[in-house]
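What follows is one structure encoded as structure tokens, with my remarks underneath.
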Number of protein chains: 2
Amino acid sequence: MEQLLRHQIEKIVQLTDDEFHLVLSYFSFRTYKKHQYVVQAGDMAPNDHFVVKGLLKSFYIDDDGKTHILQFAMEDWWISDPQAFHNRTPATLHVDCIEDTDVYYISIDSREQLCAELQKMEYFFLKKTAAGYIALQRRILSLLSQSADERYHQFAQLYPTLLQRLPKALIASYLGVSRETLSRLAAG
Amino acid sequence: MEQLLRHQIEKIVQLTDDEFHLVLSYFSFRTYKKHQYVVQAGDMAPNDHFVVKGLLKSFYIDDDGKTHILQFAMEDWWISDPQAFHNRTPATLHVDCIEDTDVYYISIDSREQLCAELQKMEYFFLKKTAAGYIALQRRILSLLSQSADERYHQFAQLYPTLLQRLPKALIASYLGVSRETLSRLAAG
DNA sequence: AAAAACAAGTGAGCTATATCACACTAACCA
DNA sequence: TGGTTAGTGTGATATAGCTCACTTGTTTTT
């Protein structure tokens, strides 16, 4: 379970056993039930969460009360309200659990202490954030250039696991398509 | 001119004169003419560019030959093909100049050496990348939840300078709207 | 075991935005 | 300095995707 986190870090920087135990000491572990909220808009949300088991989503509720999904996170992924996390401001997003979920989480303060103590962890977080940035640019490009149908099929190809584990209505909300339209696309 | 770069860094970390000269020694300076390419899709593009003067765009050309603008950059902004930069792979985006432009640029290798030598610069780049990530999330949200009209007026409010300096067709491409539709929105 | 809530599909009509076509003006450059 | 190209506006028509309304099957909940 810890190994999942260690393995993820070691894709980018190598750690001795002692170093990994230092890293781990800055994290906490927690369990959530399906439907439980991890972050609520309006509250402070100073933690970033590494998913060990389960499935979550982060989403925004707009002025018309419509829900828009920004991110899913399953095993080996991270999730938070990044703005609330980095700027220490109240959350504007919600994060909740689609399945029973286990996470390791770390506060922004702990993360900065950890990076000060173990320099290569700052390199790790920099690489991780840059990779996230690139992924978001790709998603913007797909929203700008692809039809609903193309986006759906690309999603299906890219995340076959999520396709199975998620209700279609959530995928629709992530892709920026209505439930009904996605249902018609999925058929063809 | 150097001061612009120094000032931007010092919004996040403080530097002594010696430290700033060290930082600057890792950058190079270059001038571009309007219409000149800074990055061409297919080429290696290992540099990130800090704009001292001028205006640029990064864009993707899709399979139908349509252009989609990912980013503009004017004074005090950074621009690159992030994927090509971070992963040292050939570019998939183009970057070119909308006006005559001056930049300081740094290669990924130089940046990593600089961070190894001056730890707080790694903190600076981490913060900068995180801020960029948050901005992209906001843009995704606006693509998911807002109408063309709302996106245009939000852009106009957020970037009044760009509104004046850019041809409307480029703004349309950035917002994911046709030139004609944007022209009709701009009127109302 | 019944009732309620969730998930998925589908028809009918509507609307925001795209596309195509043309006109006009201003800016650039040979 | 006159010809070409860039920028903008606007009408007419087409269409992808939305909304609303209903059905049916499947999990949860009690």
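Letters A, B, ... mirror the listed sequences (proteins, then strands); counts begin at 1. Any value given below was found using the heavy atoms of this structure, including those in side chains, with hydrogens, waters and symmetry copies removed. Keep in mind that what you see is a predicted model, and the values were worked out from it rather than measured.
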Dump the pairs, protein N or O against N or O of nucleotides 5-9 of chain C, anything under 3.5 Å, distances to one decimal.
from, atom 1, to, atom 2, distance (Å)
dA8(C), OP2, Lys168(A), N, 2.7
dG9(C), OP2, Ser183(A), OG, 3.3
dG9(C), N7, Arg179(A), NH2, 2.7
dG9(C), O6, Arg179(A), NH2, 2.9

Every protein N/O within reach of nucleotides 23-26 of chain C N/O, cut-off under 3.5 Å:
none

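Here Glu112(B) pairs with Arg88(B) in a salt bridge; the nearest charged N to carboxylate O distance falls below 4.0 Å. A salt bridge is absent between Lys34(B) and Asp96(B); no separation between the charged side-chain nitrogens and carboxylate oxygens falls under 4.0 Å. Under the 4.0 Å criterion applied to side-chain N and carboxylate O atoms, Lys120(B) and Glu10(B) are not assigned as salt-bridge partners. Ionic pairing of Glu75(B) and Arg165(B) is present here: one or more N-O contacts between side-chain nitrogen and carboxylate oxygen are shorter than 4.0 angstrom. Contact check on Lys53(B) versus Asp100(B) returns no salt bridge, with no Lys/Arg side-chain nitrogen under 4.0 Å from an Asp/Glu carboxylate oxygen. Ion pair Asp149(A)/Arg184(A) not flagged as a salt bridge, since none of the NZ, NE, NH1 or NH2 atoms sits closer than 4.0 Å to an Asp/Glu carboxylate oxygen.
At a cut-off of 3.5 Å, with distance as the only test, no side-chain donor of Ser107(A) or Asn47(A) sits close to an acceptor on the other residue.
Rounding to whole angstrom units, CZ of residue Arg151(B) and P of dT17(C) are separated by 7 Å.
Of all nucleotides in DNA chain D, those with any atom nearer than 4.0 Å to a heavy atom of chain A start and finish, going 5' to 3', at dG17(D) to dT28(D).
Residues Tyr60(A) and His68(A) place their aromatic rings such that the two centres sit no closer than 6.0 Å. Aromatic pair Tyr104(A)/Phe29(A): ring centres closer than 6.0 Å.
Comparing Lys34(B) and Lys66(B) by the nucleotide of DNA chain C whose heavy atom lies nearest to each, the residue mapping closer to the 5' end is Lys66(B).
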Take Tyr105(A) and Phe27(A) through the ring-ring contact (aromatic ring centres under 6.0 Å, His included) test and state the conclusion after the steps.
CA-CA 5 Å; Tyr105(A) 66 95; Phe27(A) 281 83; 8.5 Å; no
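The phosphate of dA18(C) (OP1 or OP2) has a side-chain N or O of Thr181(B) nearer than 4.0 angstrom.
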